[in-house]
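Have a look at this one.
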Amino acid sequence: MKNVFLTPVSLSLSLLMLVISCTEESCDQPTGVLMKAGFYSAETEENISVDSLDIYGLNVPDSMICSGSNLNKIGLPLNPSASRCTFVMVNGGRSDTIEILYHSSLEFLSRACGYIYLHEIEEIIFTENDITDIYIMNKSVNPGDEENIQILF
Amino acid sequence: MKKIFRYSFSLSLLLLPLLLTAQEADTVQAPKSVSMGFDITGPVLYALDNSGYNYEGHLSYRLNYKYYLVCEPGFSDYNYEQYNYEYKSHGWFVRIGTDIGMLAPVASKIDHFAGIGLRYGLSVFEHETPAININNYWGEVNTSIPANTAHAHFLEIQGSIKTKVFRNVLIGWAVKLRTLVYSSARKEKKALYIPGMGLNDSSVTPAFSYYIIYRIPLGNSSGE
């Protein structure tokens, strides 16, 4: 009598374990941590698209972070090994530098994904050739979608 | 492939106590007893995949046909490595609680057990992340988290079957669900693996044990 109830339970559990054992572990969480910057009009403060934009890290001109047209936002990678990093932004021949001061902290995400660095923005220093102003909207730089800074032209 | 073999092996062991349970006994006794045993899944898994081991014992005191007091001490060592980090954890643990039998107190079933168990678990362990490699636009960052000691508390509910195979010797298995209540290891030092609980990667951690147990009857008290 007992076997009538117990055997199906055992078989189900065995099948479950077999399925689990055949399932490959993969990271299904976002792991890219970028500082999200949106472009805005200094006059209307509305989100705008920039016609032509090149962005690279200072002293790494051969490696573009972004090169395109009609962009209204970008993601900038901060350097976890340093407490500041500088980006060069070229917009239609005019260039500006944006220096970000921040501190970084390591965080464990999951077994499949491992560790990521999160950042906390402390200060932003920038030139004003094409850029009018920069507002810090959210100091926490994490894998989420929330905008960190607004760049006004 | 190793995992498929591992679980196929488990399947055959899983069904063995069910077949043996079918053998009905004639004697009527429910003496108080002390049982000592161990979980063989840890050594078996270690033999198949030597990335870590888990050794745990099973001590229980039968109060009557229905209730048992249980203590499960153990030690485990866990190593995990993937493309961007390496993790190590080792430490001891103890789980205490009760088993509640669901079988009717009749002669044919008094030497067997089928029921549920409830446990509180305490784990004290040392863990470290000796290598972390993160790549981004600025290059590769290599860092590590040194060894640190932590403790964790967890709860467990289980369903188990144990059956007598010959005089005073039982075998059986348990399917367990565990949940973490508290861990002193947080943020970047979060424990990936907690000895006695298992992987700390979801709100509920499943586990499986297969026991070999020696039962020592205490006199001829009925225990009921």
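All chains are named by letter (A, B, ...) in the order of the sequence lines, taking the proteins before the strands, and each is independently numbered beginning at 1.
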Exercise. So do Tyr115(A) and Lys190(B) actually touch side chain to side chain, heavy atoms under 4.5 Å?
Worked result: no
Exercise. With a cut-off of 6.0 Å (strictly less than), are more than 12 heavy atoms of other residues, nucleotides or ligands near NZ of Lys36(A)?
Worked result: yes
Problem set entry | Toward chain A: residues of residues 129-148 of chain B with heavy atoms under 4.5 Å | Thr129(B), Ile132(B), Ile134(B), Asn136(B), Tyr137(B), Trp138(B), Val141(B), Thr143(B), Ile145(B)
Exercise. Between Tyr193(B) and chain A, which part of the residue has a heavy atom less than 4.5 Å away: side chain, backbone, both or neither?
Worked result: neither
Exercise. Any chance OH of Tyr182(B) has more than 12 other-residue heavy atoms, nucleotides or ligands included, within less than 6.0 Å?
Worked result: yes
Seminar exercise, completed: Residue from Leu118(A), Leu106(A), Thr31(A) scoring the most non-hydrogen pairs under 4.5 Å with chain B is Leu106(A)
For this session: Give the minimum heavy-atom separation between Cys113(A) and Asn84(B), together with the two atoms involved.
Result: O-ND2, 3.2 Å
Seminar exercise, completed: Filtered by a 4.5 Å non-hydrogen cutoff, the part of residues 75-89 of chain A contacting chain B is Pro77(A), Leu78(A), Asn79(A), Pro80(A), Ser81(A), Cys85(A), Thr86(A), Phe87(A)
Problem set entry | Distance-minimising heavy-atom pair for Gln82(B) and Arg111(A) | NE2-O, 2.8 Å
